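Each remark here refers to the structure printed beneath this line.
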Amino acid sequence: MDQILNYIDGKHFEPVAGKYLENINPAEGKTYGMLPDSDAEDVKLAVKAASAAFASWSAMPLSKRSAILLAIADLIDRDLDKLALAESMDQGKPLKLAKAVDIPRASANMRFYATASMHTSSESHFMEGEAINYTTRTAIGVAGCISPWNLPLYLFTWKIAPALAAGCTVVAKPSELTPMTAYLFSKLCIEAGLPAGVLNIVHGLGGKVGQAIVEHPEVRAISFTGGTVTGKTIAATAAPMFKKLSLELGGKNPNLIFADCDFEQAVSTSINSSFSNQGEICLCGSRILVERSLYQKFVDEFVKRTKELTVGDPLDEKTRVGALVSEGHMNKVLSYIDLAKKEGGKILCGGKRVVLSGRCATGYFVEPTVVVGLDQSCRTNQEEIFGPVVTIMPFDTEEEAISYANSNAYGLSATLWTENLKRAHRVAHQIKSGIIWVNCWLLRDLRTPFGGMKQSGIGREGGWEALRFFTEAKNVCIKL
Ligand code: NAD
């Protein structure tokens with residue numbers, strides 16, 4: 001098994017202090033490798049390399065930059081099987097999911113921004129008889145990209161691709177819980193001919209490496225995806241230094257089922273939006289709200305299908321729900337199930353740790369869990385659990401559904417199920433979330449703005465938004 005190393009100035013290095021952390025395979029609950037326990041010294045070297053590479057990378061013709069990013073995308077596709085296996089072993093997700101979603105999306109991210117950057121244009125404003133203005137957008141400098149463990153390579157490339165395409169150089173940090181695919185990605189960057197120092201990857205803990213990236217004065221923009229509490233720390237550190245910030249944070253997303261929905265579609269997609277990736281997707285609809293006339297029918301069918309989901313070895317083709325990412329996270333999820341019971345919730349299915357046999361006997365598995373009987377304001381319905389746990393609650397009117405949906409500090413995404421077009425527009429308009437899906441879930445067009453309202457973050461990723469984030473506008477006014 002590969003020893004993970006930092007990627008700085010085009011080469012792989014041991015951490016300066018020579019310290020390592022254990023990398024655990026969550027399906028087995030066992031250490032299977034080591035990763036650098038880097039610190040501020042490693043970050044300093046990475047920023048130095050990124051700063052040195054900035055002038056030539058940002059001045060490189062777009063077509064040449066684009067070609068390198070496209071070459072990286074092709075290499076990701078070539079290594080699909082290897083990367084998917086690494087992702088599954090590191091994260092616990094079903095191999096099938098990593099092959100179908102995570103890794104294809106990583107190459108799509110690279111390709112999307114490699115080509116998007118070729119279609120940018122500058123604006124010009126003509127002042128009749130007086131002056132002409134033109135506005136340029138130039139790369140902001142060294143960007144810090146910090147990503148979480150739930151969709152490791154998918155979210156890592158979602159930040160790196162627009163940053164590099166915009167002409168920034170990057171110091172990046174993947175989650176310490178899922179470092180493997182970022183390490184494999186660094187090898188692909190070398191193979192694709194990415195110039196030294198353009199991308200630097202420093203592995204290690206958030207409080208050390210992540211904090212050092214955010215604090216470094218030469219890092220001009222921070223693109224972060226992770227928890228809301230971490231986002232607050234980052235914002236507090238970066239604000240006095242006037243860094244540009246994009247924060248993609250937590251969610252507690254409502255899934256609204258109206259009685260006039262296509263019932264089969266609503267149930268089958270809600271199973272996915274509840275339990276895909278073990279419920280460890282920031283966009284999962286963990287609060288299901290059902291119109292009262294359909295409530296019992298929906299609950300019965302939803303529970304029946306939840307019970308049919310196979311929890312098992314992530315490498316097994318039949319597995320729908322794999323392992324949670326770590327023992328600590330599994331215990332957090334189980335503690336929320338206890339909390340739900342204490343708050344008066346009734347567990348209709350699931351609720352316990354799953355103990356498998358063989359290779360996965362000490363893995364971190366939890367049954368998909370459905371809870372009913374809770375009110376909107378309880379902690380179970382207010383706090384992000386980020387696991388295979390959903391609550392289902394009835395509502396009586398459209399107004400009530402909207403007020404329940406909005407009765408939360410988060411505002412990342414929402415899903416609505418209705419065949420009534422007017423209702424769909426009306427409700428979508430009133431829900432305070434950055435992303436609304438009507439009669440679908442996780443259908444993504446990479447050109448659209450992506451991000452949350454309220455405690456779910458600031459800024460938007462996706463499309464032009466991300467390219468704007470990594471660049472600064474400059475207006476030049478010329479008197480005629
Ligand atoms: P986390 O906040 O614990 O960690 C995210 C990253 O930040 C990791 O790389 C971590 O090492 C680093 N970090 C930790 N402390 C830091 C600090 N002080 N300074 C800089 N970096 C630091 O989040 P997580 O547990 O890895 O991920 C789960 C969370 O991510 C959930 O809340 C989920 O909703 C959220 N998430 C949001 C989106 C989105 O697009 N909005 C997508 C995926 C996940």
Side-chain angles (χ1 to χ4, degrees), residues 21 26 35-40 43 90-91 93 101-102 105 109 144-159 171-179 181-182 201-216 219 222-238 243 245-253 276-286 324-326 328-330 332-333 336 383-387 408-413 433-435 442 444 448-462 465-466:
L21 301 164
L35 69 137
D37 179 9
S38 313
D39 58 31
V43 171
D90 232 18
Q91 206 272 344
K93 65 180 70 221
V101 177
D102 292 71
R105 174 60 192 274
N109 289 340
C145 296
I146 302 174
S147 54
W149 49 255
N150 63 323
L151 300 166
L153 192 61
Y154 174 137
L155 290 175
F156 194 64
T157 50
W158 184 231
K159 299 184 172 306
V171 176
K173 190 195 100 59
S175 169
E176 58 275 28
L177 296 175
T178 53
T181 48
I201 302 175
V202 186
H203 293 274
L205 301 171
K208 279 160 78 174
V209 176
Q211 186 72 20
I213 294 173
V214 178
E215 283 175 3
H216 200 297
V219 176
I222 301 290
S223 173
F224 169 79
T225 298
T228 294
V229 172
T230 315
K232 281 184 190 165
T233 308
I234 291 177
T237 310
K243 295 192 181 199
L245 270 185
S246 166
L247 301 174
E248 298 294 336
L249 309 177
K252 185 76 180 176
N253 310 306
S276 275
N277 206 43
Q278 303 71 245
E280 296 166 325
I281 301 181
C282 54
L283 306 162
C284 278
S286 54
L324 295 189
V325 73
S326 67
H329 188 58
M330 174 185 72
K332 176 188 154 186
V333 171
Y336 268 106
E383 296 175 17
E384 185 184 42
I385 301 175
F386 215 52
N408 195 276
Y410 294 106
L412 186 54
S413 72
S433 299
I435 303 150
L442 209 54
R444 292 280 293 118
T448 60
F450 179 92
M453 298 180 181
K454 304 192 278 184
Q455 300 273 310
S456 291
I458 52 171
R460 293 290 180 273
E461 297 186 320
E465 301 267 353

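Heavy atoms only: backbone and side chains are in, while hydrogens, waters and symmetry mates are out. Fair warning: this is a prediction, and the values are worked out from it, not measured in the lab. Counting convention: from 1, in listed order, for ligands and their atoms alike.
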What protein heavy atom is closest to atom 13 (N) of ligand 1, reported as residue, atom name and distance in Å? Gly206 CA, 3.3 Å
So which of Thr230, Asn150, Asn253, Ile146 gets nearest to atom 44 (C) of ligand 1, if we judge by its closest heavy atom? Asn150
If the contact criterion is a heavy-atom separation under 4.0 Å, does Ser456 count as touching ligand 1? no
With a cutoff of 4.0 Å, is Gly457 in contact with ligand 1, counting heavy atoms of the residue only? no
Check: Leu249 N/O within less than 3.5 Å of ligand 1 N/O: yes
Any N or O on Gly226 sitting closer than 3.5 Å to an N or O of ligand 1? yes
Out of the candidates Glu383, Met453, Gln455, only one should pair with Tyr410 under the side-chain contact (heavy atoms from CB on, under 4.5 Å) rule; please name it. Gln455
Closer than 4.0 Å to some heavy atom of [X] - which atoms of ligand 1 meet that?
X: Thr225; value: 5 (C), 36 (N), 37 (C), 38 (C), 39 (C), 40 (O), 42 (C), 43 (C), 44 (C)
X: Gly227; value: 1 (P), 2 (O), 23 (O), 29 (C), 30 (O), 32 (O)
X: Ser175; value: 9 (O)
X: Gln211; value: 17 (C), 18 (N), 19 (N), 20 (C)

Decide whether Thr225 and Lys159 meet the rule of one side-chain donor and one side-chain acceptor closer than 3.5 Å. yes
